[in-house]
K.L.:
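Let me give you the structure first, and then I'll get to my questions.
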Amino acid sequence: MTAPRYDTISFLSDYGHADEFVGVVKSVIRSIAPDVAVIDITHGIARHDVRAGGLALARAAQYLVPGVVLAVVDPGVGSDRRAVAVEVGEGASVLVGPDNGLLAAAVAMVGGATRAVELDNAVFHIPSPGPTFDGRDIFGPAAAHLCAGVALHELGTAIDTASLMPGLLPVGGREGEVVSGEVLWRDHFGNLQLNLDPDDLDGFGSEVVLTHGQLTRRVARVSTFAQIPSGSVGLLVDAYGLLALAVRGGSASEELDLAEGAQVQLTDGGDQPSPDTPVELGRRP
Amino acid sequence: MTAPRYDTISFLSDYGHADEFVGVVKSVIRSIAPDVAVIDITHGIARHDVRAGGLALARAAQYLVPGVVLAVVDPGVGSDRRAVAVEVGEGASVLVGPDNGLLAAAVAMVGGATRAVELDNAVFHIPSPGPTFDGRDIFGPAAAHLCAGVALHELGTAIDTASLMPGLLPVGGREGEVVSGEVLWRDHFGNLQLNLDPDDLDGFGSEVVLTHGQLTRRVARVSTFAQIPSGSVGLLVDAYGLLALAVRGGSASEELDLAEGAQVQLTDGGDQPSPDTPVELGRRP
Amino acid sequence: MTAPRYDTISFLSDYGHADEFVGVVKSVIRSIAPDVAVIDITHGIARHDVRAGGLALARAAQYLVPGVVLAVVDPGVGSDRRAVAVEVGEGASVLVGPDNGLLAAAVAMVGGATRAVELDNAVFHIPSPGPTFDGRDIFGPAAAHLCAGVALHELGTAIDTASLMPGLLPVGGREGEVVSGEVLWRDHFGNLQLNLDPDDLDGFGSEVVLTHGQLTRRVARVSTFAQIPSGSVGLLVDAYGLLALAVRGGSASEELDLAEGAQVQLTDGGDQPSPDTPVELGRRP
């Protein structure tokens, strides 16, 4: 059996763009596997924010080209957290990164791990004076070697996929007439994705009441940004199928002063338009 | 007649780098057209700033590789604004994006539209739970399919090129001895490009007087940054052939407290050096 | 003798991501040399910071794919500073950029210049209305032409490699029991790289005393971020073999209020743990 040969590496990190980190990892990859294409998913994950990195990876997962996924958000670099490669789909793709929960949600999204190894075969590492840049020294080389035809099992010791660190994602849901959720993601435009889906609002009217601490706000349910009444906040189904708070042409995060991790409650606001939102009603269920 | 096969997609957006938007669009493109090269023009356009995106695209236009241009600055995503593909040069290139004026200046720069379609053939869309990410679901796939050999007319209904939304660019110019213009662009270095060209200053001396509201400032006309006297502001012909205000080793925008859209007037300052700018005279017309 | 044909351009600049500068240079390159791969080292160098750009290039140098290096941090664009191409390794690679010291440290890292030319052959320039964007008009085209098979000597007049502007890097070192150094680099994570290596601390205990102006701070010597006691600052050997100040899960730059260029002194702190750092001792020499 020959190893699969992957031709694409999808790369996510918290390296940012101020330094040469991303470029050096790509140079190392090209030195090992000259013909591989590297697609930057994003390098703008907040420093050390494993949860945010894992969520971004999970959102992207279903759209990625089959191949290798290289993900590095790694506050424990140099500690005894494991460096791993996780196969999914019986070899369809391999995710490479630290075993700190970063990969978990994406792995689950694509059907779960079929095999995994710890990247402990130093033959495939780059020698380094200090253990602070595993993207360059361990993860990037592993991803590249997989593309160059090295088999997964050559990269290190097989490990039980059940031993991989799980991702801890907050679960939202409904209890009676109160729907409780959390802001999963504040995107570049200020939209706030919740860990709730439209079914959680079954039976609610065209408006819901949003509460968060002292904040209480009537919110129109809409299908598109354009339907959000000017000056108001809308609640729509976003491009990932989850509920999201949005402001037309503005930032819901700024308007509501809500950030990632904020707990919110939604209750039925009925069908009558509030004084705040006199025009352009959203859809009714 | 076979459709042209394009091998390059030049990609501009306001998606920023904090999220996975750009990476996901590229992944979708590679899934459809594996061999196409994607060149990022920029993804740093200010959120929803259609004018700034259109200007950046127009500045870049003459340097782009023939092929597909994918441009997404789309505050009206999900509304009834059209998604379009605009052919230029009888098929030399195709610009894909929202019909909101974003493409207009670039299309004009390269000779105008020869054909256009509305991207309403859902066969070439990606099914999506919500209408908020047309870059991933409509525009990116259209760009990729054009590279994979799909003909323009297959992507949707032909539309009259005269019906495309125009770009509204402010026109500057001279009335008698007063030249009135506007700051088109504040670049990363703080240089301020005006919608004026050197001919607008015909007959003026080596200095001009800049006014904006309460601001009055003598400005030396120079050929290079290096000729700008220390502590002064210079006016030069920039790399696009337009007049630009600049400070040597600093930011004209900060020095003058001027931003994009600011209205300015220029009048003749004569040839004598002012007390502010005693050294290194600029060129004289 | 045929010219070497390079297939990779490693690209560093201070162009940032807000404008289309990087994309336009890449478009120009692809127009001249369609098959070349461009790897972005970084475009996040602080505006006009030649020293920071030179250091980033030097850190990256040993990891870059052989080929062409395109580096543009160029406050003197348009002045009489020379535009150059510097060959290293008898043609193994060529570095292209302004002759302002930016390339010097990287050139030295890879063995020194073997030949150099001034990029004064206008045949290989792009005509431009103004001399403010040499990355697009001179440097990018030169890099691309080298990849397309143009020989170094065709790009312009040969110059003495000894005439190239040196990089001025601060030298740190030890005088008796006091080790004096400087912060070379504050990375995205807030780690502070010093111009000192571990040998400079020979004979010191497990802690050192850091001083900078009024600041005095005991610092644990550690091997990994994970060994840094919570609430303390650690000193480790970084991924480049130099000493670096770090905080676990945080920013040493913020904790110590130190930036690039800051002068620091290190003295022996002995082996006893201080009250500030009661746990998890670092390695002992």
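Quick note on labels: first sequence line is chain A, next is B, and so on, each numbered from 1.
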K.L.:
Any salt bridge linking B:Arg47 with A:Asp187? Criterion: basic side-chain nitrogen under 4.0 Å from a carboxylate oxygen.
P.N.:
no
K.L.:
If the contact rule is any heavy atom under 4.5 Å from chain A, which residues of residues 8-22 of chain B qualify, in numerical order?
P.N.:
B:Asp14, B:Tyr15, B:Gly16, B:His17, B:Ala18, B:Asp19, B:Glu20, B:Phe21
K.L.:
Side chain from CB out, backbone as N, CA, C, O: work out which of these in A:Ile39 comes under 4.5 Å of a heavy atom of chain B, or both, or neither.
P.N.:
side chain
K.L.:
With respect to B:Arg82, which candidate in B:Asp160, B:Asp99, B:Asp74, B:Asp120 satisfies the salt bridge (charged side-chain N to carboxylate O under 4.0 Å, His left out) definition?
P.N.:
B:Asp99
K.L.:
By a 4.5 Å heavy-atom criterion (distance strictly below it), what part of A:Ile41 contacts chain B: side chain, backbone, both, or neither?
P.N.:
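Contact with chain B: backbone and side chain both.
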K.L.:
Against chain A, label B:Arg81 side chain, backbone, both or neither, depending on which of its atoms sit under 4.5 Å from a heavy atom there.
P.N.:
neither
K.L.:
Side chains of B:Thr132 and A:Asp238 only: does a donor on one sit below 3.5 Å from an acceptor on the other?
P.N.:
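No donor-acceptor contact under 3.5 Å links the two side chains.
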K.L.:
Please classify the contact between A:Asn191 and chain B as side chain, backbone, both or neither, with a heavy-atom cut-off of under 4.5 Å.
P.N.:
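Neither part, no heavy atoms under 4.5 Å.
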K.L.:
Please confirm whether the backbone N or O of B:Gly67 pairs with a side-chain atom of B:Ser93, one donor and one acceptor, at under 3.5 Å?
P.N.:
yes
K.L.:
Does the A:Glu260 side chain pair with the main chain of A:Arg186, one donor and one acceptor, at a distance under 3.5 Å?
P.N.:
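Answer holds: yes.
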K.L.:
Please classify the contact between B:Ser128 and chain A as side chain, backbone, both or neither, with a heavy-atom cut-off of under 4.5 Å.
P.N.:
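B:Ser128 touches chain A through side-chain heavy atoms alone.
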K.L.:
Look only at the side chain of A:Asn195 and the backbone of A:Glu182, and say whether a donor-acceptor pair between them is shorter than 3.5 Å.
P.N.:
yes
K.L.:
For B:Val96, run the side-chain contact (heavy atoms from CB on, under 4.5 Å) check against B:Leu119, B:Val69, B:Val84 and tell me which one passes.
P.N.:
B:Leu119
K.L.:
B:Ser31 and A:Tyr63: which non-hydrogen atoms are nearest, and at how many Å?
P.N.:
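For B:Ser31 and A:Tyr63, the tightest heavy-atom pair comes out as OG-O, 4.2 Å.
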